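Here the structure is a predicted model, which means the values were calculated and not measured.
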Amino acid sequence: MINLTIPKKKRVYIPQDLQIKWENLEVILNELLERPIGNVQELEQWLKDKSELEAALEEDFAWRYIRMSCDTANESLVKDFQYFATEIEPKISPVANKLNQKFNDSPFIDELDQDKFFVYIRAIRKALEIYREENVELLTRLQVTQQKYQGITGAMSVTINGQEYTLEQAANFIKDTDRQVRQQAWETIQQRRMVDKDDLNMLFDELIVMRHEVALNAGFENYRDYMFQALGRFDYSPQDCYHFHEAIEKQIVPILKEQAEKRAELLDIAPLKPWDMEVSTTGKPALKPFKNGGELIDKSIACFNAIDPKLGQMLSIMKTNNLFDVESRKGKAPGGYNYPLAETGAPFIFMNSANSLRDLTTMVHEGGHAVHTFLTANLELNDFKHCPSEVAELASMSMELISMDNWNIYFDNEEDLIRAKKEQLVDVLKTLPWVAVIDQFQHWIYTNPSHNAADREEAFKQIYTRFGAGFANWDGQEKEFGNIWQKQLHLFEVPFYYIEYAIAQLGAIAIWKNYKENPSKALEQYLNALSLGYTKPINEIYETAGIKFDFSLGYIEQLASFVKDELQKLN
């Protein structure tokens, strides 16, 4: 019998029962600041002790965030989160900077294994370079302010046929074969979003002002340039992103335009409207890969088990330890995430399941992140687990494609299975232009910080139109068209975290291509790459996975052609 309980990690340096209060933390932080370091061995021990404290703090914060997003209407949980953000983090931040300086000033830093510590040292030096004391309070206010998005969107619900639904649940009606039903559902959802349009615009204006101030304080011309440094984007520039957008426009948009034309022909609808883009062209109801959240978890465990029993065991451990919240409900924050628990070594998966195919892909996506969390759990330093998004999203997006070979676990008949795979591959391609839209929109927002809400809406329309505007006709829906960006949580809560999805999507396609050719070798390379955490530069992690860190026009053309061929095989 496999033991599925998670053993509590024994703390070596900090007290086992440490209460996260400033007076307790201050003592430990001061010891770290004042401790004499006489040789390289003592420096490594100091790093391990500091890492142990950081892991405890991260896990405490994680649970505050998780509990709040599971129940955004609970004021007590919101206050718990805000306590950490306003009373703990601002006090830790200046001390953390001093600890970074102590490390950087150590005469023994050059005696560390440079291969092992190169990425870590580079990150510390960048953090020191952009740190400004005047930003501490600003970043605290930002963290508290941006969480208001969850409260506003978590309260959104609509009534259809006399029954109340969250927006995620109501979106299932947009897949209905009855065009009138899906149009009504689409319009009902958009009308509900429009109710909070002005409040979300005002919130966003507030965030832009604060973010711009952070950038100016740190000596940058704009927040875009600041964030490229803050996110540690050592391997590509804003100009590379613009080239990537162009490559997506040239290589991916034409394929999706072709798919949309085929959709219009099969549905016998001209022109296609926004509520015609999700319904199956087979004339059959939307796929139902599972009945409820419990079955989704169980089927996903079986799916991961079929790929490799070790992967199935990881999700089983999470189930046994109640580390899932997957059902959609009112008062729950939108979206989905995998939140690593730094001390525990396992993650928590949060999502809003409405029993759709998209929920299946969300689960295997977050499951890929979960595998990554388990594989990096025992790395020596907590910072070694902090992967850049280009690597983190490679873990999740690759799992979406690798898992497809075992989707028969979710579907009883071959016809539904083929439909699911086709829809997934089209979604893989659809990801790329939407990411380009959101990324380019962010570049515009933060390099034009004095714009107003009307300017922002116009800029979004122009950018979205360039990348196909969802390949639907928006005549008569102009107001809704200009407001679609508000559904993207990342814009409010994690600015500039989005281009990584497109970079990782290309990497995932390349891993899947390898997997189709040699499953065992490709899986081994993928897991080896994830096990590195962030102990190597991104390009070396991609090389370990058996792929290239490349988003050039030629590479996109090659991978897009592969996906197109795989789609044709399913016809």
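Only one option out of Tyr498, Trp434, Phe496, Phe460 pairs with Phe441 in a ring-ring contact (aromatic ring centres under 6.0 Å, His included); it is Phe460. Screening His365, His372, Glu366 for a side-chain hydrogen bond (donor to acceptor under 3.5 Å, both in side chains) involving Ser396 leaves a single residue, His365.
Minimum heavy-atom separation, Leu394 to Ala508: CD1-N, 3.6 Å. Gly368 approaches Tyr526 most closely through the heavy-atom pair CA-OH, 4.3 Å. Glu44 approaches Lys116 most closely through the heavy-atom pair OE1-NZ, 4.0 Å. Nearest heavy-atom pair, Leu138 versus Asn217, reported as atom, atom and distance to 0.1 Å: CD1-ND2, 3.6 Å. Gly533 and Thr376 make their closest contact through CA-CG2, 3.6 Å (heavy atoms, listed as atom of the first residue, atom of the second, distance). What you find for Leu315 and Gly367 is that their closest heavy atoms are CD2-CA, 4.5 Å.
Comment: Glu500 engages Arg233 in a salt bridge, judged by a side-chain N to carboxylate O separation of less than 4.0 angstrom. Salt-bridge annotation for Lys197 and Glu457: present, with a side-chain N of the basic residue lying under 4.0 Å from a carboxylate O of the acidic one. For Lys536 and Glu543, the salt-bridge test fails: no basic side-chain N is under 4.0 Å from an acidic carboxylate O. With respect to Arg64 and Asp60, a salt bridge is recorded, a charged nitrogen being found less than 4.0 Å from a carboxylate O. Look at Lys148 and Asp199 and you find no salt bridge, because none of the NZ, NE, NH1 or NH2 atoms lies under 4.0 Å from a carboxylate O.
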Which is it for Gln147 and Val78 under the side chain to side chain contact (heavy atoms under 4.5 Å, CB included) test, yes or no, and what are the steps along the way?
-> CA-CA 9 Å; Gln147 295 309 320; Val78 173; over 6 Å; no

Would Thr140 and Glu89 count as a side chain to side chain donor-acceptor pair (under 3.5 Å) if you check the C-alpha gap in whole Å, the side-chain angles of each, and the deciding distance to 0.1 Å?
-> CA-CA 7 Å; Thr140 299; Glu89 274 193 322; 5.9 Å; no

Side chain to side chain contact (heavy atoms under 4.5 Å, CB included) between Ile503 and Phe549, intermediate numbers included | CA-CA 8 Å; Ile503 294 170; Phe549 182 68; 3.6 Å; yes

Verify side chain to side chain donor-acceptor pair (under 3.5 Å) between Gln101 and Asn97, making sure each step is shown before the conclusion.
-> CA-CA 6 Å; Gln101 195 66 59; Asn97 186 64; 5.3 Å; no

Could you walk me through whether Ser69 and Tyr339 pass side chain to side chain donor-acceptor pair (under 3.5 Å), step by step?
-> CA-CA 12 Å; Ser69 54; Tyr339 210 128; over 6 Å; no

Using the ring pair (Phe, Tyr, Trp, His ring centres under 6.0 Å) rule, take Tyr120 and Phe103 through it: C-alpha gap first, then chi angles, then the decisive distance, then the call.
-> CA-CA 11 Å; Tyr120 177 75; Phe103 172 70; 5.4 Å; yes

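Asn448 places a side-chain N or O within donor-acceptor distance of the main-chain N or O of Trp444, the cut-off being under 3.5 Å. For Thr320 (side chain) and Ser316 (main-chain N/O), a donor-acceptor pair under 3.5 Å exists by modelled atom type. Checked by atom type and distance alone, the side chain of Ser389 never pairs as donor or acceptor with a backbone atom of Ala392 at under 3.5 Å. Looking at Asn24, its side chain does come within 3.5 Å of a backbone N or O of Gln19 through a donor-acceptor pair. In this structure, Glu59 contributes its side chain and Thr344 its backbone to a donor-acceptor pair below 3.5 Å. The main-chain N or O of Ile317 is found under 3.5 Å from a side-chain atom of Asn321 such that the two form a donor-acceptor pair.
Residues Arg193 and Gln486 fail the side-chain proximity criterion, which asks for heavy atoms closer than 4.5 Å. Residues Phe350 and Phe324 are not in side-chain contact: their nearest non-hydrogen atoms beyond the backbone lie 4.5 Å or more apart. Residues Glu390 and Asp235 have side chains not in contact (no heavy-atom distance under 4.5 Å, counting atoms from C-beta outward). Considering only heavy atoms from C-beta on, Ile152 comes within 4.5 Å of Leu200 through its side chain. Residues Ser403 and Ile307 are in side-chain contact: their nearest non-hydrogen atoms beyond the backbone lie under 4.5 Å apart. Counting heavy atoms from C-beta outward, Arg11 and Glu343 have side chains that approach closer than 4.5 Å. Taking the side chain as every heavy atom from C-beta outward, Leu112 and Val40 approach each other to under 4.5 Å. For the pair Phe81 and Gln143, the minimum side-chain heavy-atom distance is below 4.5 Å.
In the model, Glu58 has a side-chain atom that pairs as donor or acceptor with a side-chain atom of His386 under 3.5 Å. Side-chain contact annotation: Gln45 with Asp49, donor-acceptor N/O pair under 3.5 Å present. A donor atom on one side chain and an acceptor atom on the other are not found under 3.5 Å apart for Asp359 and Thr362. Asp198 and Asn201 share no side-chain donor-acceptor pair at under 3.5 Å.
Here the two rings, on Trp485 and Phe204, have centers that are under 6.0 Å apart.
One finds the OG1 atom of Thr431 at 10.5 Å from the CD atom of Glu393 (value rounded to the nearest 0.5 Å). Taking CD1 from Ile66 and CG from Leu77, the interatomic distance works out to 12.0 Å, rounded to the nearest 0.5 Å. Here the CD1-CD distance, from Ile109 to Gln114, works out to 7.5 Å after rounding to the nearest 0.5 Å. Separation of atoms OH (Tyr149) and CG (Leu203) is listed at 9.5 Å; rounding is to 0.5 Å. Here the straight-line distance linking atom CG of Asn528 with atom CD of Gln525 works out to 8.0 Å at 0.5 Å rounding. Rounding to the nearest 0.5 Å places NE2 of His443 at 6.0 Å from CZ of Arg224.
Summarising the local packing, NZ of Lys487 is surrounded by 12 or fewer heavy atoms from other residues, nucleotides or ligands at distances under 6.0 Å. By the 6.0 Å contact criterion, CD on Glu137 is open, its count of non-hydrogen atoms from other residues, nucleotides or ligands being 12 or less. Around atom CZ of Arg211, more than 12 heavy atoms belonging to other residues, nucleotides or ligands sit under 6.0 Å away. Within 6.0 Å of CD in Glu221 there are 12 or fewer heavy atoms belonging to other residues, nucleotides or ligands. Counted within 6.0 Å of CD on Glu133, heavy atoms from surrounding residues, nucleotides or ligands total 12 or fewer; the atom is thus considered open. Other residues, nucleotides and ligands contribute more than 12 heavy atoms inside 6.0 Å of the CD atom of Gln16.
By the 30° and 60° cut-offs, the orientation of the rings of Tyr501 relative to Tyr497 is parallel. Ring-plane geometry between Phe228 and Tyr236 is classed as perpendicular, the angle between the planes exceeding 60 degrees on a 0 to 90 degree scale with a lower cut at 30. Aromatic ring pairs are classed by plane angle as parallel below 30°, tilted from 30° to 60° and perpendicular above 60°; the pair Phe220 and Tyr226 is perpendicular. Relative ring orientation between Trp63 and Phe348 is described as perpendicular, the plane-to-plane angle rising above 60° on a 0-90° scale split at 30° and 60°.
In this structure, Arg122 satisfies the cation-pi test against Phe234, with its NZ or CZ atom closer than 6.0 Å to the six-membered ring centre and inside 45 degrees of the ring normal. Geometrically, Arg67 does not engage Phe84 in a cation-pi contact defined by less than 6.0 Å to the ring centre and at most 45° from the axis.
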